[in-house]
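Encoded as structure tokens, the structure appears first; notes follow it.
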Amino acid sequence: MSLLHTPPNRPAGKSIQLMTTCLCDAFYADVARATVEILEYLGCDIELPDGQTCCGQPAFNGGDWKSSRKVVRHTAKVFAGDKPIIVPSGSCAAMIFHGAPLAFEKESDIEEIQALAARTWELTDYIVNGLGIKEWPGKYEGLITVHRSCHLRGSNSGDAITTLMESIDGLELGAMDEKEQCCGFGGTFAVSFPNISKKMGDLKVENLTACKPDAIAAADMGCMMHFGGMMDKQGNKTNRLHVAQILRNSLQNAGLL
Amino acid sequence: MKSLQKIDIVARDLSDEVQKSTYLSSKAKTEKRMAILQKDFPEANRLREIAGEIKQHTLEHLDQYLAQAEASLKANGAHVHFANDAESANATILKIMQENGAKRMVKSKSMVTEEIHLLPYLEKHGMEVVETDLGEFIIQIDDDHPSHIVTPIIHKNRKDIAKSFEREGLGDYNDDPETITRRARAFLRQKYLDADVGLTGGNFVSAESGRVSLVTNEGNARFSVAANRIHIAVVGIEKIIPKDRDFSLFLNLIARSATGQQLTVYNQFINGPRSPGQPHGPEQMHVVFLDNRRTEVLASECREILRCIRCGACLNVCPIFRQAGGHAYRSVYPGPVGAVLSPLLAGNRFPELADLPKASSLCGACNEVCPVNIPIPDLLLRLRDKAKREKATDAMKGTPSLGLWATLCSQPAMWKTALSMGHTMNYIPTELIPHPSARAWQHNRKLPKFQGGEFRKWFRNRPPSSK
Ligand code: SF4
């Protein structure tokens, strides 16, 4: 099993459950809102399980698998059923479909967790490969660089983002150096290794902004909170948007929403 | 969160020059490697997977393949030794030298002999050992350690090397790479001629034929073997591959992954010592198979790491290695592979190196490039869990304790209370914000404005028409 492989044969119906992610719940309300708006534009019927909290990733990456399993068990209970679970975050989605089964490999309830994993989608992967949408309607005038977050690696999401963004009328994708390089967040890594994390973040911001884009896009608010927080500290005002916000804004710009 | 991880301290204190040289050299190789693999093999990924499967299969039947390799080697006239640990490997090699009245050894680069500290051991017992790989030779005269598996002196620039040569009496200061190489060559040629024993590692050993394959770019392994009476190959037991035909796959992958070459310049296949009809070549060949806790690793939940063919690709793409350099890993094997392998090979000294698996942002680049598809991030994660369970305190430095957070995340009512505190959260100390990474955040970053509960409120209160 290699890193972040996407589970095969996931359900792709339009009656879905939305996993907001703790970061959107706490800090990025508009990203969650944009996610709802585009999914509803696509005809989805959204259920927002009320008891949801976090995917369990901080403890999983931090090495405290016992604590992580506690959170994942809670999440599995809250997201019971068989609807597709849509997550506007590559890394939280990967936590559910890859991390959680790993943390449960010696547990007796692993099957439940595997079932949870088997119906979880990152947002853009769901739009392109679940719903089969290859062209995004709407308009967006501007040059955008996309931060390819690491947890999209090995999944279909990287290509899905490019497919959607490239198809938007007026939107130009900016070239950048070292696309593959991690931004230095890595959850607890940023806390335990502040010097390396900062150096990696500086490098990322430099590469992302080299072509003077109108905005930086990402499908992971974790990364964005990290390098965006560094940009804020440095007074760098380049606009930053979640891919869901760009998709929503282009619908609005064309009067479709 | 005052206590820093050791690797972070090394990275902070690393001179700009060393950092830059490590960063730039690794970047160049990464780009070359990616390009050449994809150019020559449209299904490069499938190739990596097959290579990983062959290695995994071999590991799962290692007893059988090892016995077969031993039999083949003996049939070819070679002596085969098994060494359980560093001490017995070193003693075996010393004994071979002593029994043959040998005094001088030329050595071709081998990480496994770094692992068992062979060089100081032999020197202590009165033997002269000379490293013949240019990088390793420089390391030897500098009394330094390799910082990369393939390019051991990635941390040095040519000015450093010119100074070392001047100091060692290898000519006046001259930092022209060609001059440096020419001087080393002249010095080493005499050593090759004087030596009694040539020692090499082994990149792959075919169980089918007993052939030991050696790859170098300088031809030094060939020189180390050809002119001596005795050839000793020290090989980790995980280096076995089932059949000769597997060489083609692995030799194709190792060169591309290591340096972005299609094939390493010198590829040797050594069957055994010279046969009666052959005029040249060593009279004796000894193969020392080293365990040194590899069977323990094989029994662990991180056994996939033994697939490693030491190409160094994971180091070159690793953003942590590129910032901190190889010495930060405090052990023979640096970078992602070292972060997994070194704590495991340390046995009950695991806690001393249990911080290494933390030195990763889990970006997955290492897994993506690894020619034998080792899921390195998964293994790092398993070792983090192990460190936590075994209470290896150094590994936990800087990691916030997440027990309370887990409780908060399992109690929706508490979670929502935390969220509904709304904007007051913007004035609350960061320790209380319900995300652990928020804690040491403010030093280099600004936290975004807290908007807890806003989305849920919007979702609940939307006019029915928009639902
Ligand atoms: S782990 Fe993989 S990439 Fe790293 S050195 Fe070993 S074979 Fe090469």
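This is a predicted model, so every value here is computed, not measured. In what follows, chains are A, B, ... by sequence order, proteins preceding strands, each numbered from 1.
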*asked:* Heavy-atom pairs under 4.5 Å with chain A - which of B:Arg322, B:Gln19, B:Lys358 has more of them than the others?
replied: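 Looking at each of B:Arg322, B:Gln19, B:Lys358 in turn, B:Lys358 comes out on top.
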- prompt: Among B:Thr407, B:Val317, B:Leu383, who wins on heavy-atom pairs under 4.5 Å with chain A?
  reply: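 Highest number of pairs under 4.5 Å: B:Thr407.
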Which bit of [X] is near chain A, if near means a heavy-atom gap under 4.5 Å: side chain, backbone, both or neither?
{"X": "B:Ile376", "result": "neither"}
{"X": "B:Gln5", "result": "both"}
{"X": "B:Glu304", "result": "neither"}
{"X": "B:Ala324", "result": "side chain"}
{"X": "B:Ala359", "result": "both"}

For [X], which atoms come within 4.5 Å of any heavy atom of chain B: side chain, backbone, both, or neither?
{"X": "A:Asp202", "result": "neither"}
{"X": "A:Ser91", "result": "neither"}
{"X": "A:Asp50", "result": "both"}
{"X": "A:Glu105", "result": "side chain"}
{"X": "A:Lys106", "result": "side chain"}
{"X": "A:Leu257", "result": "neither"}

Would you call [X]-[Y] a salt bridge at under 4.0 Å N-O?
{"X": "B:Arg389", "Y": "B:Glu301", "result": "yes"}
{"X": "B:Asp394", "Y": "B:Lys6", "result": "yes"}
{"X": "B:Arg46", "Y": "B:Glu49", "result": "yes"}
{"X": "A:Arg148", "Y": "A:Glu178", "result": "no"}
{"X": "B:Arg12", "Y": "B:Asp8", "result": "no"}
{"X": "A:Arg248", "Y": "A:Asp30", "result": "yes"}

Using distance alone, with no hydrogens and no angle criterion, decide if A:His98 and B:Asp378 have a side-chain donor and acceptor under 3.5 Å apart. yes
Residue, of [options], that accumulates the most heavy atom pairs under 4.5 Å with chain B:
{"options": "A:Asp25, A:Thr20, A:Leu48, A:Asn61", "value": "A:Asp25"}
{"options": "A:Gly63, A:Cys183, A:Gly186", "value": "A:Gly63"}
{"options": "A:Gly99, A:Ser149, A:Gly51, A:Gly228", "value": "A:Gly51"}

Point-to-point distance, once rounded to the nearest 0.5 Å, from NZ of A:Lys83 to CD1 of A:Ile46
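A:Lys83 atom NZ to A:Ile46 atom CD1 measures 10.5 Å (nearest 0.5 Å).
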Could you please spell out the steps behind the side chain to side chain contact (heavy atoms under 4.5 Å, CB included) verdict for B:Ile320 and A:Phe189? CA-CA 11 Å; B:Ile320 319 305; A:Phe189 171 81; 3.2 Å; yes
Quick one: are the ring centres of A:His147 and A:Phe227 less than 6.0 Å apart?
yes
